[in-house]
Amino acid sequence: MRYFPTYNEYMAKIPHKFTPRDFEAKWQAFWEAHEVYKTPLISPNSPSSPKSYILDMFPYPSSAGLHVGHPEGYTATDIYARYQRMKGFLVLHPMGWDAFGLPAENYAIKVGVHPAKTTASSIATFKRQITALGFSYDWTKELNTSDPVYYRWTQYIFTLLYQKGLAYKKKAPANWCEKCQTVLANEQVVAGKCERCHNNVIQKEIEQWFFKITAFAEDLLRDLERLDWPESTKKGQKNWIGKSEGMTIRFELQDNKQNSADSSQKRPKFLEVFTTRPDTLLGVTFLVLAPEHDGVLSITQIDNKPQMLKYQDKARAKSELQRASLEKDKTGVFTGAYAIHPLTHQPIPIYVADYVIMGYGTGVVMGVPAHDPRDYAFAAKYGLDILPVCISKEAYNKLSQEKSGNKNSGKFENQREIISAKGQIQFPQAENNNKLENPVLIDQLSSIGFTLPYCGKGYSVNCGKYSGLNSDDCYNKISEDIKISQIGRSETKYKLRDWLISRQRYWGAPIPIIYCGKCGMNLVPESDLPVLLPDDVDFRPTGESPLQRSAKFHQVKCPKCGGKARRESDTMDTFVCSSWYFIAFAFWEQMKGLESGIKNLESGKNQKNPDSKFKIQDSENNPFSFFSKEISTWLPVDLYVGGAEHTVLHLLYSRFITKALFKAQIIGFNEPFLRLRHIGMILGLDGQKMSKSRGNVINPDEIVEKFGADTMRLYEMFMGPIADKKPWNTHGVEGCRRFLSRIWHLFTETDKQILDCEQAKIWELTQELTMAVEGDIQELKFNTAIAKMMTWLNAVTGEIPNKSQIQNPKTSQNSLTTLNSLKVFLKILAPFAPHSAEELNFILSDTDIKNYKSIHLEKWPVFSQKADSASLSNKIFLVEVNGRVIERITNYELRITNNKDETEKFCLNLPKIQAKLAGRTIKKTIFIPNKLINFVA
RNA sequence: GCCGAAGUGGCGGAAUUGGUAGACGCGCAGGUCUCAAAAACCUGUCUUGCUCAAACAAGGUGAGGGUUCGAGUCCCUCCUUCGGCACCA
């Protein structure tokens with residue numbers, strides 16, 4: 001026979017003080033033992049239960065351990081996940097590790113320990129710290145991107161993209177250090193020098209792997225519309241994709257006989273430019289090629305060759321960052337060659353300048369100095385002609401007036417005019433004439449205060465038959481003419497460039513490719529995946545890809561002919577690993593069960609699991625199809641929370657991989673994250689970004705140790721809106737601890753007689769609180785939700801009577817007892833402070849721990865009667881005169897707030913209102929039922 | 001330079017989306033308890049004026065203008081701070 005202590009006996013045992021450390025670990029163990037947060041299995045007979053996939057951006061497990069910034073997002077999703085479970089949703093809320101990457105490798109190089117080891121210990125630390133905060137993750141889903149069981153499928157995705165023509169290899173410039181003989185990431189280039197040896201970093205063309213994300217540019221742009229994401233993030237993605245619509249226009253080269261600097265190469269007959277402003281075509285006075293343009297040398301005239309070669313070398317030596325940072329200082333070299341303007345047929349000089357980038361458009365730009373600041377700066381520096389062909393509406397009107405005033409010669413439009421910076425150039429824009437009449441000159445423009453360059457739209461001038469048109473009409477007219485004469489076409493360009501995924505590094509997923517002298521480049525057969533990272537590698541950087549130094553890894557047989565072959569030695573960008581992990585969570589515990597680990601994989605043969613239909617040798621069978629039911633059940637992610645620093649790359653890459661898998665009909669959804677919210681950074685006490693060097697880092701372990709996990713959680717949520725950045729304040733933490741402590745005392749020190757007593761007011765407050773908190777949780781406004789709970793506590797504390805004050809204690813069975821109110825409150829508190837709510841609920845439940853049911857498995861409170869009518873009685877009705885509040889009355893006093901006439905009568909009788917209105921006549925009365933009445937006098 | 005977010009007490013921040021500005025917390029001040037302190041609890045706390053005080057009145061959300069019966073909230077101009085992109089033709 002078990003002994004069950006009575007409620008009062010329990011009360012006697014409760015520690016008088018609130019000491020969360022006494023019970024937090026206990027409940028964490030309880031939750032784990034009872035699988036309280038286990039992801040529900042999807043059952044075919046309950047298809048109506050709605051699912052909710054709530055995901056954090058998984059962390060990179062650094063050796064520094066958890067940072068106070070991490071728990072901010074994790075607490076937010078945890079509250080939301082717990083709330084969703086209480087609302088009856090099937091919830092998937094997993095956690096994993098973004099374990100590959102450069103920092104681990106660099107750290108490993110520094111301390112001489114293998115990155116697998118350092119990563120494993122970092123993960124252990126992270127997991128311990130995360131667990132201490134009592135998050136409701138289902139740890140059976142835990143995944144690690146550096147686990148072969150995981151990266152096998154990263155490699156599978158590579159294979160798939162390769163087969164679909166979305167992965168390809170090409171030469172691309174990379175930061176290269178000659179002395180270290182290695183490729184450097186942008187972060188490793190400090191002021192143009194290698195951070196290790198301080199040698200100059202140059203741009204070197206290297207064969208690298210790319211994913212063809214540009215194939216999805218339009219989809220990636222269009223589908224943003226239907227996502228519930230912060231507008232700023234959407235905008236960031238839009239800008240990154242950088243769609244612009246314009247025209248590609250052909251400029252014939254002037255025939256220069258055999259003067260080409262490089263006669264070995266065929267000289268192009270024409271150059272194509274891309275422009276978004278074809279309406280300024282007549283303002284073109286030169287062309288500019290990017291230094292890397294492959295036509296540069298064949299176009300350059302012999303006399304200009306030495307200078308050109310020097311310039312190309314110089315451009316190559318500049319990193320992209322440097323090139324950008326040089327900003328406005330334009331440099332360039334004349335090729336000596338000329339192109340023919342497609343409309344005027346006049347020769348225009350061709351230059352090479354590094355302000356033109358090869359990677360965008362055609363690598364050739366039409367120079368319109370009057371209407372582009374860069375072209376203007378370039379023209380000014382090299383003395384090129386500047387021809388205004390578009391002026392603002394105001395300038396146009398002014399000139400019109402001047403003309404008609406001076407010459408009395410009618411309208412400004414239909415003129416055929418020309419202008420030159422120096423008054424020398426003559427463009428035959430007039431069809432039958434070499435000269436135009438009445439050119440609009442720069443002097444004229446400056447006299448009316450119109451300055452160049454002018455980039456806006458307006459009206460065309462000096463444009464022959466196009467003069468006088470507004471910019472849009474001019475665009476259309478020129479566009480039409482160009483298309484008819486077949487010298488150009490409409491085109492859409494994107495800034496987005498293909499995703500470079502090659503890394504000449506060790507700590508990443510190997511790219512599953514084999515090169516054979518006979519058969520060329522081949523995929524590793526799917527049955528041979530994963531291509532395991534060798535552990536006999538000296539991963540320290542010495543020049544080549546580290547994997548090349550592992551003979552075991554490097555030398556293989558060709559999968560086709562069986563001859564000698566070598567493996568691809570580059571690894572994949574870690575962003576590849578993190579761009580599908582949200583899918584893996586859907587089936588990960590099953591996956592881990594099926595693939596019984598690294599040992600089998602390393603033996604070279606993948607062991608079949610006899611109990612499963614899932615055979616990883618089978619190329620038709622991959623987890624995406626084998627677990628398609630799990631994937632289609634859980635995905636896409638319903639709420640995704642993480643830092644704003646991933647605004648562009650991670651989110652865009654994940655969207656791309658999702659779309660690629662969707663297009664390959666491997667998954668049934670084409671957007672991974674339906675709702676996205678960011679978390680703001682937590683700053684140090686000094687309001688600065690936390691960093692070791694500043695010494696202002698707050699360690700979450702210390703906070704948990706000192707105040708308990710629930711206080712930590714509450715404080716991080718109470719600081720402010722999750723998206724804002726906000727400074728840490730230790731006094732604020734104490735305030736949250738005090739709040740929990742006050743709850744503790746309310747629950748443990750209130751007499752049982754009082755608890756059993758009916759308290760309608762407390763019940764009403766609790767009912768209002770429930771609805772208010774629920775609304776806030778849905779919008780992730782946890783700061784105000786907590787504030788409302790504090791307000792509730794203040795009010796309830798005031799409502800609890802002393803024992804002596806109770807005249808006739810009604811120990812009713814009515815639901816309106818204080819005890820019931822408190823129990824409801826605990827459910828509201830539970831998502832925020834899960835340990836304290838659990839402990840207090842346990843105490844109130846008056847049961848043995850063996851029979852105890854966790855509060856986190858309870859349903860969110862619902863009320864039989866609505867609180868509306870009750871709360872209305874407390875609502876304040878405003879009486880205003882001329883929009884100023886004069887009197888506040890409760891609806892209870894007024895009773896009739898939805899009737900205008902009666903309310904008006906009542907309010908006009910109020911003494912204060914009469915005083916205000918004395919001697920005035922009411923012009924107007926504004927009445928809003930249940931809110932206010934305003935007398936305008 | 002372009003794009004984005006934001007400016008509210010001594011501080012972090014609220015404000016039903018056009019309707020009581022400053023909720024809630026911190027800090028500070030006063031008090032209760034105590035030999036004392038800490039803790040805990042209670043009270044007060046935008047500014048100014050008149051006041052012992054209460055009450056009352058006026059002003060007040062970066063600056064200036066506008067719309068409105070009514071603006072922290074909407075519109076225009078400007079200033080400041082932070083974040084992202086950066087020669088994208």
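Naming: A, B, ... by sequence-line order, numbering from 1 per chain.
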Please report the distance, rounded to the nearest Å, between [atom1] in [X] and [atom2] in [N].
X        : N      : atom1 : atom2 : result
A/Asn729 : B/rC24 : CG    : P     : 18 Å
A/Phe718 : B/rG12 : CZ    : C1'   : 8 Å
A/Phe927 : B/rG18 : CZ    : C1'   : 18 Å
A/Ile886 : B/rU20 : CD1   : P     : 14 Å
A/Leu878 : B/rG18 : CG    : P     : 17 Å

Could you give the distance separating [M] and [N] at their [atom1] atoms, to the nearest angstrom?
N      : M      : atom1 : value
B/rC76 : B/rC26 : P     : 41 Å
B/rA15 : B/rG72 : P     : 16 Å
B/rG65 : B/rA71 : P     : 14 Å
B/rU73 : B/rA38 : P     : 44 Å
B/rG83 : B/rC75 : C1'   : 26 Å
B/rG25 : B/rC46 : P     : 15 Å
B/rG7  : B/rG13 : C1'   : 13 Å
B/rG60 : B/rU8  : C1'   : 10 Å

Start at the 5' end of RNA chain B and walk down; is the nucleotide closest to A/Asn882 or to A/Asp375 reached first?
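Counting from the 5' end, the first nearest nucleotide belongs to A/Asn882.
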Record whether the side chain of A/Lys923 comes under 3.5 Å of the base of B/rC69 through a donor-acceptor pair of N or O atoms.
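Absent.
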Give [X] one of three labels, base, sugar-phosphate or nothing, depending on what nucleic acid heavy atoms sit under 4.0 Å from its own.
X        : answer
A/Glu231 : nothing
A/Lys788 : nothing
A/Asn783 : sugar-phosphate

Should stems be defined as at least three consecutive Watson-Crick or G-U pairs with both distances under 3.5 angstrom, which of them involve RNA chain B?
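Consecutive-pair runs (3 or more) involving RNA chain B: B:1-7 with B:79-85, B:10-12 with B:24-26, B:27-32 with B:40-45, B:46-49 with B:56-59, B:62-66 with B:74-78.
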Check against salt bridge (Lys or Arg N to Asp or Glu O under 4.0 Å), A/Lys726 and A/Asp724
CA-CA 6 Å; A/Lys726 49 235 156 209; A/Asp724 291 5; over 6 Å; no
With a 4.0 Å cut-off, would you call A/Lys706 and A/Glu734 a salt bridge?
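Salt bridge flag = no for A/Glu734 with A/Lys706.
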Taking the chi torsion of B/rG59, is it syn (within 90° of 0) or anti (everything else)?
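Anti.
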Taking only residues two or more places apart in sequence, or in another chain, which ones meet A/Pro727 in a side chain to side chain contact (heavy atoms under 4.5 Å, CB included)?
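Testing A/Pro727 for side chain to side chain contact (heavy atoms under 4.5 Å, CB included), a comparison that skips the adjacent residues, returns A/Leu683.
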Identify, with sequence neighbours excluded, every residue that meets side chain to side chain contact (heavy atoms under 4.5 Å, CB included) alongside A/Lys235.
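Testing A/Lys235 for side chain to side chain contact (heavy atoms under 4.5 Å, CB included), a comparison that skips the adjacent residues, returns A/Asn239.
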Less than 4.0 angstrom between a side-chain N/O of A/Ser244 and OP1 or OP2 of B/rA89, yes or no?
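Result: yes.
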Does A/Arg737 make a cation-pi contact with A/Phe707, if we ask for NZ or CZ under 6.0 Å from the ring centre and within 45° of the axis?
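Relative to the ring axis of A/Phe707, which defines the angle, A/Arg737 lies outside at least one limit.
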Qualifying residue for side chain to side chain contact (heavy atoms under 4.5 Å, CB included) with A/Cys907, from A/Ile933, A/Asn934, A/Leu932, A/Thr925
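Of the listed options, the one satisfying the test is A/Ile933.
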Aromatic contact between A/Phe286 and A/Phe378, with the criterion being ring centroids under 6.0 Å apart: yes or no?
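So the answer is yes for these two rings.
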Would you please indicate yes or no on a ring centroid separation below 6.0 angstrom for A/Trp499 and A/Tyr653?
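They qualify: ring centres under 6.0 Å apart.
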